[in-house]
Protein chains: 2
Amino acid sequence: MRNDNREDYLINILRLTDGTGTVRTTELASYMQVTPASVTEMLKILSKEGLVNYQRYRGVSLTEEGVLKARELRRKHHIMERFLTDVLDIDHEQAHDQACAVEHSISEETADKMCRMIGTKIDADCTTCKNPCNDGTVTIVKCIAVSKMRQGDKGKISHLSSGESTMVRKLISMGFVPGRDIQLTTSVSDKGARIIKIGEATIAIDKDMASAIFVNLE
Amino acid sequence: MRNDNREDYLINILRLTDGTGTVRTTELASYMQVTPASVTEMLKILSKEGLVNYQRYRGVSLTEEGVLKARELRRKHHIMERFLTDVLDIDHEQAHDQACAVEHSISEETADKMCRMIGTKIDADCTTCKNPCNDGTVTIVKCIAVSKMRQGDKGKISHLSSGESTMVRKLISMGFVPGRDIQLTTSVSDKGARIIKIGEATIAIDKDMASAIFVNLE
DNA sequence: GCATCTATTTAAGGTATCCTAAAAATAGGT
DNA sequence: ACCTATTTTTAGGATACCTTAAATAGATGC
């Protein structure tokens with residue numbers, strides 16, 4: 001239980017880098033709903049423990065050891081989530097939340113055996129399996145927030161993530177459903193509204209919304 | 001996640017009182033492997049929140065609300081543990097540990113549906129169901145440590161609990177298995193050894209051992 | 001009824017994590 | 001190359017737990 005938090009940082013760095021890239025402090029902070037200051041503090045610790053490569057003002061990446069840990073964690077998350085949705089028929093959002101909490105506590109044996117119940121091979125190398133992502137939708141690949149897209153960028157919605165669940169619901173009701181194609185048509189300024197095309201429709205959304213929608217670029 | 005600790009205190013108070021009695025600070029402290037000072041501190045908080053009745057120097061009991069919460073928690077623990085042992089065929093000790101961690105995070109819906117998979121009715125009122133106890137053995141009823149038994153007291157071993165798992169293994173290897181009949185033959189002083197009868201055998205054990213064996217008195 | 005022992009609480013301090021506000025580093029436009 | 005806007009870090013402080021050591025309440029033997 002003592003390391004749950006560290007593990008949360010690891011898995012979220014994996015989610016944003018897929019193990020091969022770098023994330024900036026601020027991006028990780030907004031993804032995890034904490035302040036950049038908290039991230040900085042934690043990165044120093046994880047760095048000392050050899051789990052991440054961290055250089056001041058340069059962002060973080062996972063070390064080899066960090067990737068292994070994070071992948072195992074992500075695997076447990078996937079398995080638990082799939083077990084909850086596919087076997088117990090629990091709603092996705094709840095399944096995700098519970099998987100987030102439980103992923104730190106279940107043993108590998110438990111994960112393996114649940115995996116057999118689901119009937120799908122789920123291993124730590126996310127590229128070889130068709131898993132639900134952290135939100136229960138698609139395999140995780142490096143994804144960015146719509147607020148970070150450049151004009152003309154195209155992609156598919158990976159998942160929605162926001163501190164307020166009302167935001168997620170609102171977005172879903174507007175048609176921002178994981179898997180849909182999305183393109184940034186116009187972005188006037190960093191702070192202003194964006195005009196985006198989603199499927200056939202064209203919608204304007206503000207920065208907060210754009211920060212809660214994560215996309216896999218084409 | 002923030003309330004896991006409070007919940008641990010609640011469920012352990014329930015385990016030692018079955019919701020109807022009082023536990024002393026020290027007993028709870030040694031059961032939970034923390035210092036009495038920590039218990040005192042937490043009891044003040046839980047008391048302020050209306051979950052326990054606490055009076056300085058008098059011990060604690062659960063309030064009605066506290067009993068409800070603790071029972072629901074215990075139910076989730078039982079279900080998770082049974083799921084792990086009966087469905088996934090995980091070893092008892094590991095199942096217990098994982099259930100301890102997970103009981104705080106799974107929803108009632110998840111618990112209900114797992115319960116159906118196990119095929120046994122498990123409800124919050126422990127008296128109406130034959131569940132594994134916290135250690136996977138028997139229904140919890142009020143239980144006391146052997147170190148608290150009086151000369152002549154008889155009972156059945158409920159479970160073993162100690163900070164060191166080596167202690168538990170040692171005790172099991174000596175024949176202290178949940179379910180066995182046990183009687184305190186002689187107890188010279190509080191700190192000294194006890195002589196006890198377990199099944200047909202008579203054994204002497206020291207105070208540490210006696211503090212790790214919990215018994216349901218006849 | 002008092003001395004003494006034990007249980008309990010209080011006091012003071014530690015660690016992990018979070019936050020806000022201020023300071024410092026970097027990056028981008030000219 | 002410099003100014004400015006943004007990002008990141010540092011500093012200082014809060015909270016939830018935990019600990020040890022000292023103080024106090026309650027129980028027990030005579």
Side-chain angles (χ1 to χ4, degrees), chain A residues 1-13 16 22-49 51-61 100-101 104 144-145 147-148 150 163 187-192 207 211, chain B residues 1-13 16 22-49 51-61 100-101 104 144-145 147-148 150 163 187-192 207 211:
Chain A
M1 172 129 299
R2 185 176 287 99
N3 296 317
D4 283 12
N5 222 303
R6 308 263 231 281
E7 292 183 354
D8 275 335
Y9 276 87
L10 287 184
I11 199 171
N12 283 312
I13 295 168
L16 291 173
T22 298
V23 216
R24 301 327 272 326
T25 301
T26 308
E27 198 185 354
L28 182 55
S30 86
Y31 190 72
M32 293 185 70
Q33 304 293 132
V34 295
T35 60
S38 303
V39 172
T40 297
E41 203 175 14
M42 181 60 86
L43 293 183
K44 286 190 210 161
I45 295 167
L46 293 174
S47 177
K48 220 172 249 169
E49 294 179 351
L51 296 167
V52 302
N53 299 118
Y54 166 61
Q55 278 191 293
R56 289 154 79 255
Y57 297 102
R58 302 273 137 174
V60 230
S61 60
C100 276
H104 308 284
I144 66 165
S147 58
K148 302 280 177 189
R150 293 168 186 226
S187 177
V188 182
S189 72
D190 178 56
K191 293 190 174 157
K207 189 183 177 177
S211 302
Chain B
M1 175 125 302
R2 184 175 288 99
N3 296 317
D4 283 13
N5 224 301
R6 315 272 174 94
E7 291 183 355
D8 275 335
Y9 276 88
L10 288 184
I11 199 172
N12 283 313
I13 296 169
L16 291 172
T22 297
V23 216
R24 300 327 263 345
T25 300
T26 308
E27 197 184 355
L28 182 55
S30 85
Y31 191 71
M32 293 185 70
Q33 304 292 134
V34 295
T35 59
S38 304
V39 172
T40 298
E41 201 176 17
M42 181 60 87
L43 293 183
K44 286 189 207 160
I45 294 167
L46 293 174
S47 177
K48 222 172 245 169
E49 293 178 351
L51 296 166
V52 302
N53 300 118
Y54 166 61
Q55 278 192 294
R56 288 154 80 257
Y57 297 101
R58 302 272 141 177
V60 231
S61 59
C100 276
H104 309 284
I144 66 165
S147 57
K148 303 280 177 189
R150 293 169 186 227
S187 176
V188 182
S189 72
D190 178 55
K191 293 189 176 161
K207 189 183 179 180
S211 302

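Proteins get letters first, then strands, A, B, ... in listed order; numbering begins at 1 in each.
- The CE atom of A:Met32 sits 11 Å away from the P atom of C:dT17 (whole-angstrom rounding).
- Protein atom CG of A:Asp8 is 12 Å distant from nucleotide atom C1' of C:dT17, rounded to whole Å.
- For D:dT8, one of the phosphate oxygens OP1 or OP2 lies less than 4.0 angstrom from a side-chain nitrogen or oxygen of A:Arg24.
- Within the 4.0 Å cut-off from OP1 or OP2 of C:dT8, not a single side-chain nitrogen or oxygen of B:Arg58 is found.
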Test side chain to side chain contact (heavy atoms under 4.5 Å, CB included) on B:Arg58 and B:Arg24; report intermediate values, then the result.
CA-CA 7 Å; B:Arg58 302 272 141 177; B:Arg24 300 327 263 345; 5.8 Å; no

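- A:His104 places its NE2 atom 15 Å from the C1' atom of C:dA16, with the value rounded to the nearest Å.
- Nearest to the side-chain atoms of B:Val34 among the listed nucleotides C:dT8, D:dC18, C:dC18 stands D:dC18.
- A sub-4.0 Å separation between OP1 or OP2 of C:dA23 and a side-chain N or O of A:Tyr57 is absent.
- Note on B:Tyr9: every side-chain N or O is 4.0 Å or more away from OP1 and OP2 of D:dA16.
- Summarising the geometry, the separation between CD on B:Glu27 and C1' on C:dT6 is reported as 15 Å, rounded to the nearest angstrom.
- Listed candidates were D:dT9, D:dC17, C:dT9. Nearest to the side chain of A:Thr40 is D:dT9.
- Considering only side-chain N and O atoms, B:Thr35 lies nowhere under 4.0 angstrom from the phosphate OP1 or OP2 of D:dC18.
- Rounded to whole Å, atom P of C:dT26 lies 11 Å from atom CD of A:Gln55.
- Residue A:Ala37 is the one, among A:Glu41 and A:Ala37, whose nearest nucleotide of DNA chain D lies closer to the 5' end (criterion: closest heavy atom).
- Of the candidate nucleotides C:dC18, C:dT9, D:dC18, C:dC18 has the atom nearest to the side chain of A:Asn5.
- Using a 4.0 Å cut-off between charged side-chain N and carboxylate O, B:Lys148 and B:Glu27 make no salt bridge.
- When the side-chain nitrogen and oxygen atoms of A:Lys44 are compared with OP1 and OP2 of D:dT10, one or more of them lie within a distance under 4.0 Å.
- Closest heavy-atom contact between A:Ala29 and A:Thr35: CB-C, 3.8 Å.
- Screening A:Asn3, A:Asn5, A:Leu51 for a side-chain contact (heavy atoms from CB on, under 4.5 Å) with A:Leu10, the sole residue that qualifies is A:Leu51.
- Taking atom CZ of B:Arg56 as the reference point, atom C1' of C:dT10 lies 9 Å away to the nearest angstrom.
- Residue B:Leu28 contributes atom CG, which lies 14 Å from atom C1' of C:dA7 at whole-angstrom precision.
- Between B:Gly59 and A:Met42, the residue anchored closer to the 5' end of DNA chain C is B:Gly59, taking for each the nucleotide with the nearest heavy atom.
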Start with the C-alpha gap between B:Tyr31 and B:Val23, add the side-chain angles, then the distance that decides, and say whether side chain to side chain contact (heavy atoms under 4.5 Å, CB included) holds.
CA-CA 11 Å; B:Tyr31 191 71; B:Val23 216; over 6 Å; no

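- The two residues A:Leu46 and A:Tyr9 come nearest to each other via the heavy atoms CD1-CB, 3.8 Å.
- Regarding contacts with the backbone of C:dA7, every side-chain N or O of B:Thr25 stays at 4.0 angstrom or more from both OP1 and OP2.
- Atom CG of A:Asp4 is separated from atom P of D:dA16 by 18 Å (rounded to the nearest Å).
- At D:dA16, none of the side-chain N or O atoms of B:Asn3 fall inside 4.0 Å of OP1 or OP2 (strictly under the cut-off).
- Here B:Thr26 does not reach the OP1 or OP2 of C:dA7: none of its side-chain N or O atoms lies under 4.0 Å away.
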